[in-house]
Participant: 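Quick one: this structure, given as structure tokens, is what I'll be asking you about.
Proteins get letters first, then strands, A, B, ... in listed order; numbering begins at 1 in each. For clarity, every value in this text was computed on a predicted model and none was experimentally measured.
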Amino acid sequence: MNLLPDLTPKEAVQFQKVLVEMIRFRPLPPPGGNLLIAGADCSYEKRATTGYAAIVVCRWPSMEIVDVGRGTADIGFPYVPGLLSFREIPLLQLAWESLRAKPAFVVVDGQGMAHPRRMGLASHAGLVWNTPTIGSAKSLLVGEHRPLREKRGSRAILKHQGETIGVALRTREGVKPVYVSPGHLADLKTAAQWILRLSPKYRIPEVIRLAHQEVNRLRRKDLPAR
DNA sequence: GCGACAG
DNA sequence: ATCTTGTCGC
């Protein structure tokens, strides 16, 4: 079936309720050496109609960049909180198709199940790619959590309507936490473990930082270098 | 009706 | 997400 049909915002909400039934949770691969992991991110220009996406594939644990997929297209959907996937997946899909090396899992800049209908960008992307995904967001869409300790590695369960939907994770001492939630073919425990080990120095997971740099490099047209 | 609201 | 300079702190 078509996992990303052209829909109006109202239809998209209903469609998410169908998609969420297809989500499966399971442990991510263990950190044992030599697997490929990726980060995905999008970027736009002030008030232009064009969007950009980049997916960076790295070898773990060396973090050497193995491949970079890029995509550019006209924006076909507005930004509506809760419907981000309909705006960004078309861009990310182009980047995904241009990859030669497919990763064991992808860290997506946004929510996974920490979403009003448990169908955030990472969840939807995981279904489209039939690949494990982790949602790593810089701010909250829904849910509440207790305060965190200042130390790196501190965490607090994220709950929404009585359900555990993710975790607020402090990846760097004294800095705002990131919000981690399972996408598709992942689970909360292993997702949080991976995000912490992928953020040894900065708040944002390294693969996301790399994707962020690459997508902005693409948008500014200064591709080469790396 | 009011406030919240990933990127 | 984007715009935007300097500046405080390790």
Participant: Has Trp60(A) got a side-chain atom pairing as donor or acceptor with Ile37(A)'s backbone, closer than 3.5 angstrom?
Facilitator: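 Pair absent, no side-chain N/O of Trp60(A) close to backbone of Ile37(A).
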Participant: Please answer whether the main-chain N or O of Leu218(A) pairs with a side-chain N or O of Arg70(A) as donor and acceptor at a distance below 3.5 Å.
Facilitator: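 Checked: no pair found.
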Participant: Whole Å only: how far is the CZ atom of Arg172(A) from the C1' atom of dG9(C)?
Facilitator: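 My rounded result for the distance is 10 Å.
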Participant: Only Watson-Crick and G-U wobble pairs with both distances less than 3.5 Å should count. Give DNA chain C in dot-bracket notation, marking inter-strand partners with |.
Facilitator: ..........
Participant: Taking only the side-chain nitrogens and oxygens of Asn216(A), find out if one of them lies under 4.0 Å from OP1 or OP2 of dT2(C).
Facilitator: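 For dT2(C), OP1/OP2 do have a side-chain N/O of Asn216(A) under 4.0 Å.
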Participant: Strictly under 6.0 Å, is that where the ring centroids of Phe86(A) and His124(A) end up?
Facilitator: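 When the ring centroids of Phe86(A) and His124(A) are compared, they turn out to be within the sub-6.0 Å range.
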Participant: Can you tell me if Glu11(A) uses its side chain to pair, donor with acceptor, with the backbone of Thr8(A) under 3.5 Å?
Facilitator: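 Checked: pair present.
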Participant: Could you give all pairs that pass the salt bridge (Lys or Arg N to Asp or Glu O under 4.0 Å) test and reach residues 133-151 of chain A, with sequence neighbours left out?
Facilitator: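 Listed once each, the pairs are Asp109(A)-Lys138(A), Glu150(A)-Arg170(A).
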Participant: When you measure from the centre of the six-membered ring of Tyr44(A), is the NZ or CZ of Arg87(A) under 6.0 Å away and within 45° of the axis?
Facilitator: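 Cation-pi check for Arg87(A) and Tyr44(A): passes.
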Participant: I need the full list of salt bridge (Lys or Arg N to Asp or Glu O under 4.0 Å) pairs touching residues 19-37 of chain A, with sequence neighbours left out, sorted by first then second residue.
Facilitator: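 Of all non-adjacent pairs touching residues 19-37 of chain A, none passes salt bridge (Lys or Arg N to Asp or Glu O under 4.0 Å).
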Participant: Which residue pairs pass the salt bridge (Lys or Arg N to Asp or Glu O under 4.0 Å) test with at least one member in residues 182-196 of chain A, sequence neighbours excluded?
Facilitator: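 As it turns out, there is no salt bridge (Lys or Arg N to Asp or Glu O under 4.0 Å) pair with a partner in residues 182-196 of chain A once direct neighbours are skipped.
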Participant: Do any side-chain nitrogens or oxygens of Arg219(A) fall under 4.0 Å of OP1 or OP2 in dT2(C)?
Facilitator: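 So the side chain of Arg219(A) is within the cut-off, an N or O lying under 4.0 Å from OP1 or OP2 of dT2(C).
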Participant: Charged N to carboxylate O under 4.0 angstrom, Arg152(A) versus Glu173(A)?
Facilitator: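 Glu173(A) and Arg152(A): not salt-bridged.
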Participant: Dot-bracket for DNA chain B, 5' to 3', counting Watson-Crick or G-U wobble pairs under 3.5 Å, with [ ] for crossing pairs and | for inter-strand pairs?
Facilitator: .......
Participant: Ignoring hydrogens and geometry, is there a side-chain-to-backbone donor-acceptor pair from Ser181(A) to Gly166(A) under 3.5 Å?
Facilitator: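 The answer is no, because no donor-acceptor pair under 3.5 Å joins these two groups.
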Participant: Show each protein N/O and nucleotides 4-7 of chain B N/O combination with a separation under 3.5 Å, one pair to a line.
Facilitator:
from	atom 1	to	atom 2	distance (Å)
dA6(B)	OP2	Tyr79(A)	OH	2.6
dA6(B)	N7	Gly82(A)	N	3.1
dA6(B)	N6	Gly82(A)	O	3.1
dA6(B)	N6	Leu83(A)	N	3.2
dA6(B)	N6	Leu84(A)	N	3.0
dA6(B)	N1	Leu121(A)	N	3.1
dA6(B)	N3	Gln111(A)	N	3.1
dG7(B)	OP1	Lys138(A)	N	2.8
dG7(B)	OP1	Lys138(A)	NZ	3.3
dG7(B)	OP2	Ser139(A)	OG	3.0

